[in-house]
> 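Have a look at this one.
First the proteins, then the strands, lettered A, B, ... as listed; each starts at 1.
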2 protein chains.
Amino acid sequence: MQETVLTGALEDYLETVYQLVQSRKLARVKDIARARSVRAGSVSPAMRRLADLGMIRYVQREYIDLTPLGEEHARRILARHRILTRFFREILQVTPETAEADACAMEHSLSAEGMDHLTRLFEFLRVCPDGRKFLSSFHSCPRIQPASAECMLHHRDGTEAIDGKGGTTRSVADLKPGQKGRVTQVSGEGPIRRRLLDMGILPDTTIELERVAPTGDPIWIKLEGMQLSLRRKEASLVSVLAA
Amino acid sequence: MQETVLTGALEDYLETVYQLVQSRKLARVKDIARARSVRAGSVSPAMRRLADLGMIRYVQREYIDLTPLGEEHARRILARHRILTRFFREILQVTPETAEADACAMEHSLSAEGMDHLTRLFEFLRVCPDGRKFLSSFHSCPRIQPASAECMLHHRDGTEAIDGKGGTTRSVADLKPGQKGRVTQVSGEGPIRRRLLDMGILPDTTIELERVAPTGDPIWIKLEGMQLSLRRKEASLVSVLAA
DNA sequence: TAATGTTATTAGCTTTGTCTAACATGAGCG
DNA sequence: CGCTCATGTTAGACAAAGCTAATAACATTA
Ligand SMILES: [Mn+2]
Ligand SMILES: [Mn+2]
Ligand SMILES: [Mn+2]
Ligand SMILES: [Mn+2]
């Protein structure tokens, strides 16, 4: 009955118990184990810990029951789980299973403030006319599905709108050695896009083209004091605003 | 040199080492400890584990250096950290420290797909004209700051646009006992809003008004088979579309 | 009632990650 | 040269989670 510091794992157990009680009126160790993909031997000690924290009523060998406190917590976790899953699925259009997994990891660590603001964004996107218009524009943008020149143009316009004075947007591959640019977007898909993002090529980072191999193919850039090499193909996916 | 399964904690150590090497050219145990808020005694074993995984070059008592593999990983984590922080700050307008903390937790667990799509949303919001328009409408909506009747109206219009056939939007407090409604938005701020969200009152959930206390103040609702009681003040913050 | 099978608990082991406190190392100074 | 202090390492304890394998308890069936 103390400070109620539930760990992520315990929160997941609690969520599971809550859902089992809801759906089939009783929570058995075996079902909890199956739902969480752990062995029964791991469940018993977890239940003892939850009972010690005043979250469940746990008489050994009997069915497990939530206390009002536990129910409150469980409902909170589940609400987070649900809204996060929906955000990943409906807004970001992530694969259902991935959405589920990401949400179930995030639900334990996201601050109340972050949760609150994210929910606001979610509501706004579905309820507000501006949000709904934006959302359909976002989802119909070919970059989410396959890439297309048409949308590039669309984005290029946007980019020029950003800085107002309409600097020229080009790809990193088109910079001259020594020239710098501010990244506006990273195109491409799947592994190639991820590799670029993983290297730290993000919107608003500054890239300097250091040198180009004689053949023209590997290109060396400087990014936050770090030298990286890119293939020309990759470099052409990075749009920059010449600085 | 095996499967490269870095835990969250090790990823944070790696990120810290990377940043220290960048900023002051060398990483000392003491500085790592300070940066991560742990004791020096925890750092040494962590460094050994990172060395075993081929991430750092670690000769005891000497300065710590990243291997190319470690550098690649560190850059990836840091890129995630940065873009997530910016999402929380610039899009969701979360307090800087909270944004930092939320990002630093999320960076370890978010899937590549989730990361990719979130980055896309981020880019889209800053680069596309539609996104930029939406963003300024989102941020200027008084609900993010103090609540206002004006914006309620704004939202009401949107709600009616949602279901097309223009059902009437009212608050839960205005339902009659036995009547059901689908939640369209949860207003209010801070703790009160959070309490409602924590109870599971989210957009698109169905609420039935069960009964109202004689005095009119506590109100009992049914939400996903669960009975909850709300104060009238809270209930009036929940907009529903009568079903 | 006795045998059998299912389910739950326990004991013992592992890994991760933290702490404290004791100890080791080396640099600089007297 | 030897002392002192800052820094780094180690040992030992602990808590959280998980696993396996042995055992206990219950329920069902013969
Ligand atoms: Mn979870
Ligand atoms: Mn969950
Ligand atoms: Mn982190
Ligand atoms: Mn981080």
> Would you call A/L50 and A/Y58 a side-chain contact if the rule is heavy atoms closer than 4.5 Å?
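No; the side chains remain at least 4.5 Å from each other.
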> Got a sec? Which of residues 22-34 of chain A come in under 4.0 Å of DNA chain C, heavy atoms?
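Residues of residues 22-34 of chain A under 4.0 Å from DNA chain C: A/R28, A/V29, A/K30.
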> Each nucleotide in nucleotides 17-26 of chain C should get exactly one letter: B, S or -. Can you fill that in based on protein heavy atoms under 4.0 Å?
SSBB---BS-
> Go through the structure and list residues passing side-chain contact (heavy atoms from CB on, under 4.5 Å) with B/D12, not counting sequence neighbours.
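With sequence neighbours excluded, B/D12 shows a side-chain contact (heavy atoms from CB on, under 4.5 Å) to B/E15, B/R36, B/C104, B/E107, B/H108, given in chain and number order.
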> Check side-chain contact (heavy atoms from CB on, under 4.5 Å) between A/V21 and all other residues, then give those that pass, not counting sequence neighbours.
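Scan of A/V21 (side-chain contact (heavy atoms from CB on, under 4.5 Å), adjacent residues dropped) gives A/V17, A/A27.
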> Just to confirm, is there a sub-4.0 Å distance from OP1 or OP2 of D/dT10 to any side-chain nitrogen or oxygen of B/Q60?
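It does, given that an N or O in the side chain of B/Q60 lies less than 4.0 Å from OP1 or OP2 of D/dT10.
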> Donor-acceptor check, side chain of A/E123 to backbone of B/V186, threshold 3.5 angstrom: yes or no?
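Here the side-chain-to-backbone pair exists.
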> For B/Y58, answer base if it contacts any base atom (sugar-phosphate contacts may also be present), sugar-phosphate if it contacts only those atoms, and nothing otherwise; contact means non-hydrogen atoms under 4.0 Å.
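Result for B/Y58 = sugar-phosphate.
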> For A/R76, enumerate each residue passing the side-chain contact (heavy atoms from CB on, under 4.5 Å) test, keeping only those at least two apart in sequence or located in another chain.
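A/R76: side-chain contact (heavy atoms from CB on, under 4.5 Å) contacts with A/E11, A/R80, B/D198.
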> Report all side-chain donor-acceptor pairs from residues 223-231 of chain B shorter than 3.5 Å, counting only partners two or more places apart or in another chain.
residue: B/E224; atom: OE1; partner: A/R82; partner atom: NH2; Å: 2.3
residue: B/E224; atom: OE2; partner: A/R82; partner atom: NH2; Å: 3.4
residue: B/Q227; atom: NE2; partner: B/E210; partner atom: OE1; Å: 2.6

> Short question: side chain of A/S44, backbone of A/G41 - any donor-acceptor pair under 3.5 Å?
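Checking the backbone N and O of A/G41 against the side chain of A/S44, no donor-acceptor pair under 3.5 Å is found.
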> Return the value, rounded to whole Å, for the distance between atom CG of B/D12 and atom P of C/dT16.
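Computing the B/D12:CG to C/dT16:P distance gives 16 Å.
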> For the side-chain contact (heavy atoms from CB on, under 4.5 Å) test, which of B/R48, B/M47, B/E71, B/R49 pairs with B/I56?
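So, applying the side-chain contact (heavy atoms from CB on, under 4.5 Å) to B/I56 and each of B/R48, B/M47, B/E71, B/R49, only B/M47 qualifies.
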